[in-house]
Participant: 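Here it is, the structure, as structure tokens.
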Amino acid sequence: MNIFKTLALGAGLSGLLFSTANAEGLQGKVIGFSQIGSESGWRAAETSVTKQVAADLGVDLKFADAQQKQENQIKAIRGFVAQGVDAILVAPVVATGWEEVLTEAKEAGIPVVLLDRGIEGPEDLYLTSVASDQVKEGRVAGEWLVGAVGDKQCNVVELQGTVGSSPAINRKQGFEEALSGKANLTITRSQTGDFTRSKGKEVMEGFIKAEDGGKNICAVYAHNDDMAVGAIQAIKDAGLRPGTDILVVSIDAVPDIFAAMVSGEANATVELTPNMAGPAFAALDAYLNAGTLPEKFIITESKLFTPADDPQGEYDRRKGLGY
Ligand code: AHR
């Protein structure tokens, strides 16, 4: 089976991936893609999947890497508008500040699809948003921790994603919701690790230093797996056992977190499919070829994985998919 079909089926999106509104589908359409950058393994996989699905569909994809900067994304979108592309995909690095540029796209009659992150602003500025329910992701991670810890006193440290991004805001909210009313679980420290492995490690080192060499930390919650992998290294460097002395729970389900589970160093992750492009292209096909308006929010699944879920098999299934 084609690897992208595998990803779509895994995320419950099979009906959305390869349906076409007419025989040509998106063949020959020019579509701009403003990507955030390459801060994480998940982001790299989303980029590969998008390029591959575009190639499979005969889309002429214009790819722009914003190097984590909103100003670069705004420039890229303006460039796509000036070129007169058929549609624009954008993964918005932060949630605010999009109104002006998306109004320009709207006035030019170019449909915009948001990928994997949301924005604050009028919903008529985009055709649809393909993303997970990020509050739910945080809640699923938090509920796992509540169950794992039971009645034990547990001080939790949190590695947040990029400041002002929708996953950082929403994953924090969902996790706090799951912990609310649980007097034995307290978030004692919370800081951004910017969704990167190196920053996750650095911030975790600071947490360990400030918390008696890590003795006062029972769990780390990271808004993505890359920061969790960085934190695992910091825990090991401090002479502690990740996964045992300090529980590790995070989001994304990238191959490296399954490798860490195999070694007993990670405890839980919530899957985020990197295949946002399949549903996005299907929505654009239906809209551009038949005028069909898609659902405003296309929500991908958020499945919990633990060491009980064949981590070696999950690693093998994912490696080589662009992570
Ligand atoms: O917006 C999705 C998040 O962005 C992923 O969880 C993270 O890895 C990425 O950087």
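As the structure lists them, so they are numbered: ligands from 1, and atoms in each ligand from 1.
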Participant: Please identify which atoms of ligand 1 are closer than 4.0 Å to at least one heavy atom of Arg117.
Facilitator: 1 (O), 3 (C), 4 (O), 9 (C), 10 (O)

Participant: At the 4.0 Å heavy-atom cut-off, does Ile251 count as touching ligand 1?
Facilitator: no

Participant: Can you tell me if Leu272 contacts ligand 1 (heavy atom of the residue under 4.0 Å from the ligand)?
Facilitator: yes

Participant: Which residues, ordered by chain and number, are linked to Tyr221 in its hydrophobic cluster, where ILVMFWY side chains connect at heavy-atom gaps below 4.5 Å, directly or through other members?
Facilitator: Val140, Trp144, Leu145, Val146, Val149, Val156, Phe175, Leu179, Leu185, Ile187, Leu247, Val249, Ile251, Val270, Leu304

Participant: Considering only non-hydrogen protein atoms, determine which one is nearest to atom 10 (O) of ligand 1 and report residue, atom name and distance to 0.1 Å.
Facilitator: Glu39 OE2, 2.3 Å

Participant: Please could you name the atoms of ligand 1 that Pro167 approaches to less than 4.0 Å, counting only its heavy atoms?
Facilitator: 1 (O)

Participant: For His223 and ligand 1, does the shortest N/O to N/O distance drop below 3.5 Å?
Facilitator: no

Participant: Examine ligand 1 and decide if any of its atoms is less than 4.0 Å from a heavy atom belonging to Glu137.
Facilitator: no

Participant: Salt-bridged, Glu265 to Lys236, with N to O below 4.0 Å?
Facilitator: yes

Participant: Who are the side-chain contact (heavy atoms from CB on, under 4.5 Å) partners of Pro307, not counting sequence neighbours?
Facilitator: Met261

Participant: List the closest protein heavy-atom neighbour of atom 6 (O) of ligand 1: residue, atom name, distance to the nearest 0.1 Å.
Facilitator: Asp252 OD1, 2.6 Å

Participant: For the 3.5 Å polar cut-off, considering only N or O atoms, please tell me whether Gln134 and ligand 1 meet it.
Facilitator: no

Participant: Distance under 6.0 Å and angle within 45° of the ring axis: does Lys62 meet both against Phe80?
Facilitator: no

Participant: Should you measure from each heavy atom of Ser40, which atoms of ligand 1 turn up under 4.0 Å away?
Facilitator: 7 (C), 8 (O), 9 (C), 10 (O)

Participant: Does the side chain to side chain donor-acceptor pair (under 3.5 Å) test come out yes or no for Arg171 and Gln160, once each step is laid out?
Facilitator: CA-CA 8 Å; Arg171 289 172 181 172; Gln160 296 182 38; over 6 Å; no

Participant: Assess whether a salt bridge exists between Glu205 and Lys201, defined as any Lys/Arg side-chain N lying under 4.0 Å from an Asp/Glu carboxylate O.
Facilitator: yes

Participant: In terms of atom number and element, which parts of ligand 1 are under 4.0 angstrom from non-hydrogen atoms of Asp116?
Facilitator: 1 (O), 2 (C)

Participant: Under a 4.0 Å heavy-atom limit, does Arg171 contact ligand 1 with its side chain, its backbone, both, or neither?
Facilitator: side chain

Participant: Please confirm whether the ring centroid of Phe305 lies under 6.0 Å from the ring centroid of Phe258.
Facilitator: yes

Participant: For Thr196 and Glu39, run side chain to side chain donor-acceptor pair (under 3.5 Å): C-alpha distance rounded to whole Å, both residues' side-chain angles, the deciding distance at 0.1 Å, then the answer.
Facilitator: CA-CA 5 Å; Thr196 69; Glu39 73 282 4; over 6 Å; no

